[in-house]
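Everything numeric in this text was worked out from a predicted model, so none of it was measured.
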Amino acid sequence: MIEGITVRPAQTKDIRTIRKLIDLYSLQRRLLEKETVTLYESVQEFTVAEREGEVIGCGALHVMWEDLAEVRTLAVFEEYRGKGIGAMMLEEIFNRALALGVKRIFCLTFETEFFARHGFKEIEGAPVDQDVYTQLLRSYDQGVAEFLDLESVKPNTLGNTRMLRVL
């Protein structure tokens, strides 16, 4: 664990660094590419970790339904990986989810060991009832389509693992 790390809600000024993180990991096919306009539109979903005033990591909580949200874009710069910073951000994301009334958190990831250490379990199919599934089908959000495991998004996904945690 590194001292002097602060985890806080993201601000618009942080989007440039979040963009760098996404670019770094999307080139490695570990994160999905996102448009910069989408990042600004969803800045309120993001949490960042900073050290000495520099953003070194990010993660987002995207609410999908009354009791369901997704952890998105959880990443730290390479030199800070394995030092507990992702865990700090994930803990803040859990706290935000609970404050909003969310009881289950979903993720799509290659980092299955990390998420398993934090209570996530691999899942098959969409863990929602048919009525909710039907409503979610109306969403334009690609992440929701990935959650539902729709064939239409499979050519664009990275082959990552679907995991869920009950809070």
[X] [atom1] to [Y] [atom2] distance, which is reported to the nearest 0.5 Å:
{"X": "Phe94", "Y": "Leu167", "atom1": "CZ", "atom2": "CG", "value": "6.0 Å"}
{"X": "Tyr25", "Y": "Phe77", "atom1": "OH", "atom2": "CZ", "value": "8.0 Å"}
{"X": "Cys107", "Y": "Ile93", "atom1": "SG", "atom2": "CD1", "value": "10.5 Å"}
{"X": "Glu70", "Y": "Leu164", "atom1": "CD", "atom2": "CG", "value": "11.0 Å"}
{"X": "His118", "Y": "Glu111", "atom1": "NE2", "atom2": "CD", "value": "11.0 Å"}
{"X": "Leu31", "Y": "Leu108", "atom1": "CG", "atom2": "CG", "value": "11.0 Å"}

Exercise. Can you name the salt bridge (Lys or Arg N to Asp or Glu O under 4.0 Å) partners of Glu79, sequence neighbours left out?
Worked result: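 Salt bridge (Lys or Arg N to Asp or Glu O under 4.0 Å) check on Glu79 returns nothing, list empty.
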Exercise. Salt bridge (Lys or Arg N to Asp or Glu O under 4.0 Å) with Arg8: which residues, sequence neighbours excluded?
Worked result: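 Salt bridge (Lys or Arg N to Asp or Glu O under 4.0 Å) check on Arg8 returns Asp14, Glu50.
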Exercise. For Tyr80, which residues count as a ring pair (Phe, Tyr, Trp, His ring centres under 6.0 Å) partner, sequence neighbours excluded?
Worked result: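 Partners of Tyr80 under the ring pair (Phe, Tyr, Trp, His ring centres under 6.0 Å) test: none.
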Exercise. With sequence neighbours excluded, what pairs up with Phe115 under the ring pair (Phe, Tyr, Trp, His ring centres under 6.0 Å) test?
Worked result: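 Testing Phe115 for ring pair (Phe, Tyr, Trp, His ring centres under 6.0 Å), a comparison that skips the adjacent residues, returns Phe120.
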Problem set entry | Non-neighbouring partners of Glu33 that pass side-chain hydrogen bond (donor to acceptor under 3.5 Å, both in side chains), sequence neighbours left out |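 With neighbours one apart ignored, the set is Arg19, Ser26.
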For this session: Please name all residues satisfying side-chain hydrogen bond (donor to acceptor under 3.5 Å, both in side chains) with Arg165, sequence neighbours left out, ordered by chain then number.
Result: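 Result, side-chain hydrogen bond (donor to acceptor under 3.5 Å, both in side chains) vs Arg165: none returned.
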Within the structure provided, determine whether [X] and [Y] are in side-chain contact (heavy-atom separation under 4.5 Å).
{"X": "Val43", "Y": "Ile18", "value": "no"}
{"X": "Ile5", "Y": "Ile56", "value": "yes"}
{"X": "Trp65", "Y": "Arg104", "value": "no"}
{"X": "Thr109", "Y": "Leu74", "value": "no"}

Taking all atoms of both residues into account, what is the closest heavy-atom pair of [X] and [Y], and its distance?
{"X": "Glu78", "Y": "Leu24", "value": "CG-CD2, 4.3 Å"}
{"X": "Phe110", "Y": "Arg29", "value": "CE1-O, 3.2 Å"}
{"X": "Leu61", "Y": "Ala69", "value": "CD1-CB, 3.5 Å"}
{"X": "Gly86", "Y": "Phe114", "value": "C-CZ, 3.7 Å"}
{"X": "Leu21", "Y": "Val76", "value": "CD2-C, 3.6 Å"}

Problem set entry | Residues which pass side-chain contact (heavy atoms from CB on, under 4.5 Å) with Glu52, listed by chain and number, not counting sequence neighbours |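 If we apply the side-chain contact (heavy atoms from CB on, under 4.5 Å) test to Glu52, skipping adjacent residues, there are no hits.
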For this session: Would you indicate whether Glu66, at its atom CD, is surrounded by more than 12 heavy atoms from other residues, nucleotides or ligands within a distance under 6.0 Å?
Result: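 It does not: Glu66 CD has 12 such atoms or fewer within range.
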Problem set entry | Flag if over 12 foreign heavy atoms under 6.0 Å of CD, Gln28 |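 Correct, the count exceeds 12.
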For this session: Sequence neighbours left out, what pairs pass side chain to side chain donor-acceptor pair (under 3.5 Å) with at least one residue falling in residues 87-103?
Result: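 Residue pairs with at least one partner in residues 87-103: Thr47-Arg96.
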Exercise. Are Ile85 and Arg51 close enough, and set up right, to give a side chain to side chain contact (heavy atoms under 4.5 Å, CB included), and what steps lead you there?
Worked result: CA-CA 10 Å; Ile85 296 163; Arg51 181 173 186 227; over 6 Å; no
For this session: Output every pair passing salt bridge (charged side-chain N to carboxylate O under 4.0 Å, His left out) with a member in residues 34-45, not counting sequence neighbours, ordered by first then second residue.
Result: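 Matches after skipping sequence neighbours: none remain.
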Exercise. Would Ile22 and Leu39 count as a side chain to side chain contact (heavy atoms under 4.5 Å, CB included) if you check the C-alpha gap in whole Å, the side-chain angles of each, and the deciding distance to 0.1 Å?
Worked result: CA-CA 10 Å; Ile22 291 170; Leu39 297 175; 3.6 Å; yes
Exercise. With the 4.5 Å side-chain cut-off for hydrophobic clustering, are Leu100 and Leu90 part of the same group?
Worked result: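 Yes; tracing contacts between hydrophobic side chains, which count when under 4.5 Å, links both residues.
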